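Have a look at the structure below before the remarks.
In this text the structure is predicted, and so the values were computed from the model without any measurement.
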Amino acid sequence: MARLICDVDGPYERTGNQVERFLHRVRWPGDPQYDGSPRVPWLTETLCAHADDAAAVDRLLCRICDPLEYDGGIETADPIAQELNRILAPERLTVAYVGGRPVLGQLDQPGDAPSYGPPPDLHERVRRLAADTDTVNILMARADEASICQRNGAYALAIIGIGSFVEGLLHTFVTQRDEDVRNNGIVGRNGRRVTADRAGLDLLLVHAHRRKWVQTDAKDFMDKVRDYRNFVHPRHQIRHGLVPDLDTVRMCWAPVHALLNDLESAS
């Protein structure tokens, strides 16, 4: 992994200082400072020091092949993703592009399509993003109940729960970090302000994207989750004519991974 990131003498070589800045972009724990020693051994040691931090590893793996890292976009990033997945194969992990963003998935069997569930270390990650303990507990209850529904075949309720969790997380993130929103609300699409307590998922996504807390692809990716969350109204599901299955739920978890990585990078 360290050799892939440094790419010594390769077309995407990173200097020691560039590696340090890369680690800061993924919010690697410990505020690593490059010490001038050989890059690959230094990076290997730095990564091993926090290899048990599943959230940090998730962000790192996705950022290695994120089109945002390369001038050539996804055409440049995709070959890097293929090499990364060769390294990850023994762990039965893979990074796939879903909605244009890299998302870490699990391979049940070699050759299977990746499956997605709740992001790793979700409770700890939510705790870092939401300062209030009661809020963390409520958000985690929504995520846990969505997982319970998924495991027991209640797929429509699972995707409603995922959307509810995302809306609550975004509302907490936006109101904690934006004093103007807390005091004056969010500017809606019609130019009028909506109080923070009445802002829905769509408006929260638009505002977070406007503030560059959420990347464009992650916002667009999350729009499908927002749409499915509206299945809480049976008429909405009837109009769409969709009967959710396990793949639908997994597809809804995938953008949560991308959104969470973006929010963590912005905090």
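Between Leu88 atom CG and Leu104 atom CG the span is 7.0 Å, to the nearest 0.5 Å. To the nearest 0.5 Å, the span separating OG on Ser147 from CH2 on Trp253 amounts to 4.5 Å. Rounding to the nearest 0.5 Å gives a distance of 9.0 Å between CG of Asp66 and OG of Ser265. Here Leu205 contributes atom CG and His209 contributes atom NE2; the two are 10.0 Å apart, rounded to the nearest 0.5 Å. Between the CG atom in Asn152 and the CG atom in Leu157 there is a gap of 11.0 Å [rounded to 0.5 Å]. With values rounded to the nearest 0.5 angstrom, Leu4 atom CG is found 6.5 Å from Ile80 atom CD1.
With respect to Asp53 and Arg59, no salt bridge is recorded, no charged nitrogen being found less than 4.0 Å from a carboxylate O. With respect to the salt-bridge test (charged N to carboxylate O, under 4.0 angstrom), the residues Arg125 and Glu264 qualify. In this structure, Glu20 does not pair ionically with Arg39, as no charged nitrogen and carboxylate oxygen lie closer than 4.0 Å. Look at Glu124 and Arg127 and you find a salt bridge, because one of the NZ, NE, NH1 or NH2 atoms lies within 4.0 Å of a carboxylate O, short of that distance. Salt-bridge formation is not detected for the pair Lys219/Asp262: no Lys NZ or Arg NE/NH1/NH2 atom is positioned less than 4.0 Å from an Asp or Glu carboxylate oxygen. By the 4.0 Å N-to-carboxylate-O rule, Glu83 lies too far from Arg3 to be salt-bridged with it.
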- [ ] Any chance you could lay out the side-chain contact (heavy atoms from CB on, under 4.5 Å) test for Leu93 and Gln106, step after step, and finish with the verdict?
- [x] CA-CA 5 Å; Leu93 296 172; Gln106 182 79 39; 3.5 Å; yes
TODO: Please step through side-chain contact (heavy atoms from CB on, under 4.5 Å) for the pair Leu169 and Leu260, ending with a clear verdict.
DONE: CA-CA 9 Å; Leu169 179 63; Leu260 200 59; 3.9 Å; yes
TODO: Go through the steps to decide whether Val194 and Val187 satisfy the test side-chain contact (heavy atoms from CB on, under 4.5 Å), and finish with yes or no.
DONE: CA-CA 6 Å; Val194 177; Val187 177; over 6 Å; no
Task: Test side-chain contact (heavy atoms from CB on, under 4.5 Å) applied to His123 and Val136, step by step - done: CA-CA 8 Å; His123 186 279; Val136 173; 4.0 Å; yes
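Side chain of Gln150 to main chain of Leu246: no donor-acceptor pair is present (N/O by atom type, distance under 3.5 Å, no hydrogens or angles). Listed for the His240 side chain is no donor-acceptor partner under 3.5 Å among the backbone atoms of Phe231. Formation of a donor-acceptor pair under 3.5 Å by the Ser164 side chain with backbone atoms of Ile160 is not found in this model. Panel note: side chain Asn85, backbone Ala81; a donor-acceptor pair is recorded below 3.5 Å. Within the 3.5 Å criterion, the main-chain N or O of Ala131 finds no donor-acceptor partner in the side chain of Thr135. No side-chain donor-acceptor contact under 3.5 Å links His171 to the backbone of Gly200.
Geometric assessment of Arg101 against the ring of Tyr97 yields a negative cation-pi assignment under the 6.0 Å and 45° thresholds.
The 12-atom threshold is exceeded at CZ of Arg239, counting heavy atoms of other residues, nucleotides or ligands nearer than 6.0 Å. Counted within 6.0 Å of CZ on Arg63, heavy atoms from surrounding residues, nucleotides or ligands total more than 12; the atom is thus considered enclosed. Residue Asp71 qualifies as open at atom CG: its count of foreign heavy atoms under 6.0 Å is 12 or below.
The heavy-atom pair separating Val57 from His50 by the smallest distance is CG2-O, 4.4 Å. Across all their heavy atoms, Tyr12 and Asp7 have their closest contact at N-OD2, 2.7 Å. Nearest approach of Ala2 to Thr44, heavy atoms of both residues: CB-OG1, 3.3 Å. The two atoms that bring Arg14 and Val19 nearest to each other are CB-CG2, 3.7 Å, heavy atoms only. Here the closest non-hydrogen pair linking Arg177 and Leu129 is NH1-O, 3.5 Å. In terms of heavy atoms, Thr248 sits closest to Pro244 at OG1-CA, 3.6 Å.
Residues Trp213 and Asp178 form a side-chain contact, since some pair of their non-hydrogen atoms from C-beta on lies under 4.5 Å apart. Within the 4.5 Å cutoff, the side chain of Val181 has heavy atoms near those of the His207 side chain. Two residues are said to be in side-chain contact when any heavy atoms from C-beta on lie closer than 4.5 Å; Leu47 and Leu60 meet this criterion. Residues Cys65 and Pro79 fail the side-chain proximity criterion, which asks for heavy atoms closer than 4.5 Å. A heavy-atom distance below 4.5 Å is found between the side chains of Leu43 and Leu23. For the pair Arg193 and Ile186, the minimum side-chain heavy-atom distance is 4.5 Å or more. You'll find the side chain of Phe165 stays beyond 4.5 Å of the side chain of Glu145, heavy atoms only.
Leu259 and Val206 are members of different hydrophobic clusters when ILVMFWY side chains are connected at heavy-atom separations under 4.5 Å. Hydrophobic clustering (ILVMFWY, side-chain heavy atoms < 4.5 Å, transitive): Val95 and Met251 are in distinct clusters. No chain of hydrophobic side-chain contacts below 4.5 Å, direct or via other Ile, Leu, Val, Met, Phe, Trp or Tyr residues, connects Val40 to Leu61. Residues Ile148 and Ile159 do not share a hydrophobic cluster, clusters being chains of Ile/Leu/Val/Met/Phe/Trp/Tyr side chains in contact below 4.5 Å. Both Val225 and Tyr155 are members of a single hydrophobic cluster when ILVMFWY side chains are connected at heavy-atom separations under 4.5 Å.
The aromatic rings of Trp42 and Tyr34 sit perpendicular, their planes meeting at an angle over 60°, well past the 30° parallel limit.
Judged by distance alone, the side chains of Gln33 and Asp35 never bring a donor and an acceptor atom under 3.5 Å apart. If you check the side chains of Arg182 and Thr175, you find no donor sitting under 3.5 Å from an acceptor.
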